[in-house]
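Along the sequence shown, the residues carry numbers beginning at 1. Note that these values count all heavy atoms, side chains included, but never hydrogens, waters or copies made by symmetry.
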Amino acid sequence: MAYLTTFYWGWLLVSLLLGFAMGWISVVQHGKGVPRKWRWALSALVAALIAAAGARAVPGRFGYWLDLGLIMFALYLCGCAAGSWLRDWVVSRSAPPA
């Protein structure tokens, strides 16, 4: 993991900033969102991928890509959360009192 962060720090920073930008521009949700059944399936998939990475079940190049992808995905989600929170804070602060 340390090698990934040392060698790919630029890509990791880009995924964090891209997540921040997406969180900033997508505060308002107009759709229904992800159905409950899909949320469970996606959560199970992510948990299985994390378990496979933790157990080193995927060897070689594909394991390397799995680790890198999971780190980039985690940074993207952190950026999304930070951008969304910051946008909500800025918008609610600048809104006139009701």
Look at the side-chain heavy atoms of Ile, Leu, Val, Met, Phe, Trp and Tyr, link any pair under 4.5 Å apart, and say whether W11 and F7 land in one connected group. yes
Side-chain heavy atoms nearer than 4.5 Å, only ILVMFWY residues, links allowed to pass through others: does that put V34 and W40 together? no
Return the minimal non-hydrogen interatomic distance between T5 and L12, and the atom names on each side. CA-CD1, 3.8 Å
May I ask whether W9 and Y3 are part of the same hydrophobic cluster, defined by side-chain heavy atoms of I, L, V, M, F, W, Y residues being less than 4.5 angstrom apart, directly or through others? no
Measure up the F62 and W65 rings against each other and bin them: parallel (under 30°), tilted (30 to 60°), perpendicular (over 60°). perpendicular
Out of the candidates L66, L45, L70, only one should pair with I50 under the side-chain contact (heavy atoms from CB on, under 4.5 Å) rule; please name it. L70
Flag if over 12 foreign heavy atoms under 6.0 Å of OH, Y64: yes
With the 4.5 Å side-chain cut-off for hydrophobic clustering, are L77 and V14 part of the same group? no
Should D67 and R56 count as side-chain neighbours, where that means a heavy-atom distance under 4.5 Å? yes
Between V90 and W24, is any pair of side-chain heavy atoms under 4.5 Å apart? yes
Please examine the side chains of Y76 and L18, heavy atoms only from C-beta on, and report whether any two atoms are closer than 4.5 Å. yes
Could you grab the distance from atom CH2 of W38 to atom OG of S43, nearest 0.5 Å is fine? 12.5 Å
Heavy-atom closest pair, residues V46 and F73: CG2-CE2, 4.3 Å
M22 and C80 have their tightest heavy-atom pair at CB-SG, 4.3 Å
hydrophobic_cluster_shared for L17 and L86, side chain cutoff 4.5 Å: no
